[in-house]
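Take a look at the structure set out below.
Values below: every heavy atom of this structure, side chains too, minus hydrogens, waters and symmetry copies.
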Amino acid sequence: MRALCWSGINEVSVQDVPDPGLLNRQDALVKVTASSVCGSDLHLLDGYVPTMMAGDVIGHEFVGEIIEIGPDVRERRVGERVTVCSIIGCGRCHYCAAQLYSLCDNSNPDPGFLEKLNGHATAGIFGYSHALGGFAGSHAEYIRVPFADVNAFPVPDEVADASAVFASDAVPTGWMGADLAEVRPGDVVAVWGCGGVGQMAATAAIQMGAEQVIAIDRFPERLAMAERLGATTLDYERTDVLDALKELTGGRGPDKCVEAVGMEGHGTGAQYAYDRAKQALRLQTDRGLPLRQAVHACRKGGIVAVLGVYLGLVDKFPMGALMNKGLTMRGAQQHGHRYIPMILERMARGELDASHLLTHPMSLEDGPRGYELFKHKQDGCVRAVFQPAV
């Protein structure tokens, strides 16, 4: 089959790779109909996530049709259209039972690297390095889905692929951010990043009753999308974010802050230049300017939810502000299984739509160009989505 593979730092190519097959009794094979790029994929391209190997199939946000199931699959059936959570859960361990699916004990078959890095390993993720299980990704014609009863969710007929594809990752990740931040009616919520995840976090906060959502980015097309969702926007290249947030909140600061940027966060000024230099020299793994801003901006006693992907170490973290202001910080890879059924129901009722994120539909063969547009934010690209059948 044809698949989009990681070939080296800043290199992806469409290659012929072996067709996947069922390996375990709880597996399903899915014919991919749409697979989206994701901001966290850029960390793979830029070489900041180790344990990638040339020829690895990338991609983790997708929708498709089940074409084969293992003998122990009970809930799913051949011919069913499904969205598949990017995080792989087993459904039976302590963490899956607690709906903390990204902490699954059983889905990552090679936990050693993460145990050394973080103290404990987390769940496997499709197409996201051998540290996260070495699973083939979704930028392909077909994909093997382990624990299919747990990880694949039937898509209602009323929901088009253009929206359902984002129910795999962007929408549940954003929704989890608002949930971790415990957004309540009347809250003021600030969201760093207006990519797919940030926009969905803003959408979730609005639907949870936030009085005001403030979205922070630098790209006009993304800020315009956030405004259409109902958010107030700040361009961090044109305004001082901390001063603006104080002014918008009467000096108190946002009640809840959601960081949806991650380890390659952009910014301005000396602190950003410092971060870039240290990361380039491998003296720190992650750039943390948006995270620092969120901690400084959040009101006393507030909550900071971290959705952006971080690998290891952030320098100059404002621990004093976190402690002295009595902040709560929460984060995780997404526990998507907790949210996806609800999200698909809302989509089917017309209460939630994510199709506006799909700015560049493409064939799988155009995958390298899609990542070029996405990485460099060219042509107004918010998300490129590959359709293998095109």
Side-chain angles (χ1 to χ4, degrees), residues 1-6 12-23 27-45 49 52 55-68 76 80-89 102 107 123-130 132-148 150-153 155 161-173 196-197 309 333-334 336-337 340 354 357-358 360-368 370-371 374 383-390:
M1 69 173 182
R2 299 290 279 170
L4 184 63
C5 301
W6 187 89
V12 293
S13 59
V14 180
Q15 303 177 16
D16 290 315
V17 302
D19 290 348
L22 301 179
L23 298 181
D27 288 351
L29 287 183
V30 171
K31 180 180 180 181
V32 178
T33 54
S35 179
S36 177
V37 301
C38 178
S40 58
D41 290 329
L42 299 182
H43 309 321
L44 304 178
L45 268 66
V49 177
M52 290 294 294
D56 285 347
V57 181
I58 61 174
H60 58 261
E61 188 165 14
F62 64 104
V63 63
E65 178 187 342
I66 295 176
I67 61 170
E68 187 178 354
R76 303 278 65 84
E80 200 168 32
R81 188 166 64 112
V82 294
T83 188
V84 179
C85 187
S86 60
I87 301 291
I88 303 170
S102 76
S107 63
I125 301 178
F126 291 105
Y128 213 77
S129 87
H130 293 268
L132 279 303
F135 294 95
S138 60
H139 294 339
E141 295 180 278
Y142 302 94
I143 186 170
R144 179 178 74 92
V145 176
F147 305 110
V150 178
N151 298 301
F153 298 86
V155 178
D161 277 7
S163 194
V165 64
F166 300 114
S168 168
D169 188 286
V171 185
T173 303
V197 170
V309 171
Q333 295 281 359
Q334 61 135 343
H337 313 68
I340 291 173
L357 300 177
L358 198 173
H360 287 70
M362 296 182 169
S363 71
L364 181 63
E365 296 296 327
D366 287 330
Y371 268 102
F374 179 60
R383 285 296 184 92
V385 173
F386 309 130
Q387 300 164 300
V390 173

Ser36 side chain reached by Leu358 side chain, heavy atoms, under 4.5 Å: no
State whether the side chain of Ser163 and the backbone N or O of Ala354 hold a donor-acceptor pair below 3.5 Å, judged by distance alone. yes
Measure the CD1-CZ distance between Ile88 and Phe147 for me, rounded to the nearest 0.5 Å. 8.5 Å
Exercise: identify the closest heavy-atom pair between Ser35 and Ser138: OG-OG, 2.7 Å
Between Arg383 (side chain only) and Cys38 (backbone N and O only), is there a donor and an acceptor less than 3.5 Å apart? no
Heavy atoms, side chains only, cut-off 4.5 Å: are Ile340 and Ser168 in contact? no
ring-ring contact (aromatic ring centres under 6.0 Å, His included) involving Phe126 - partner list, sequence neighbours excluded: Phe62
Between Val309 and Gln333, is there a side-chain heavy-atom distance shorter than 4.5 Å? yes
Going by side chain to side chain donor-acceptor pair (under 3.5 Å), name the residues that satisfy it together with Arg2, two or more places apart in sequence or in a different chain. Asp16, Glu365
Could you pull out the closest heavy-atom pair between Thr83 and Ala164, with the gap in Å? OG1-O, 3.2 Å
Could you tell me if the side chain of Leu42 sits less than 4.5 Å from the side chain of Phe374, heavy atoms only? yes
Shortest non-hydrogen contact from Val57 toward Ala140: CG1-CB, 4.2 Å
Is any side-chain heavy atom of Glu61 closer than 4.5 Å to a side-chain heavy atom of Asp41? no
Compare every heavy atom of Leu4 with every heavy atom of Pro368, then report the nearest pair and how far apart it is. CD-CD1, 3.7 Å
Run the side chain to side chain contact (heavy atoms under 4.5 Å, CB included) test on Asp27 and Glu68 for me, step by step, so that the C-alpha distance in whole Å, both residues' side-chain angles and the decisive distance to 0.1 Å come before the verdict. CA-CA 9 Å; Asp27 288 351; Glu68 187 178 354; over 6 Å; no
Any non-hydrogen side-chain atom of Met1 less than 4.5 Å from a side-chain atom of Pro388? no
Can a side-chain donor-acceptor contact be found between Glu65 and Thr33 if the only test is distance below 3.5 angstrom? no
Ring centre gap for Tyr371 and His139 strictly below 6.0 Å: yes
Spacing of Ile125 atom CD1 and Asp169 atom CG [to the nearest 0.5 Å]: 8.5 Å
Spatial distance of atom CD1 (Ile58) from atom CG (Leu45) [nearest 0.5 Å]: 5.5 Å
Could you tell me whether the side chain of Trp6 and the main chain of Met52 form a donor-acceptor pair under 3.5 Å? no
Tell me, do Ser86 and Tyr128 make a side-chain contact under 4.5 Å, heavy atoms counted? no
Considering non-hydrogen atoms only, spot the tightest contact between Phe135 and Pro146 and give its length. CE2-CG, 3.8 Å
Tightest non-hydrogen contact, residues Ala34 and Val385, listed as CB-CG1, 3.8 Å
Distance check, rounded to the nearest 0.5 Å: His337 atom NE2 versus Asn151 atom CG? 4.0 Å
d(Met362 CE, Gln387 CD) to nearest 0.5 Å is 10.5 Å
Run the side chain to side chain contact (heavy atoms under 4.5 Å, CB included) check on Cys85 and Gln334 step by step: do they pass? CA-CA 9 Å; Cys85 187; Gln334 61 135 343; 3.7 Å; yes
What is the distance from atom CZ of Arg76 to atom CD1 of Ile66, rounded to the nearest 0.5 Å? 6.0 Å
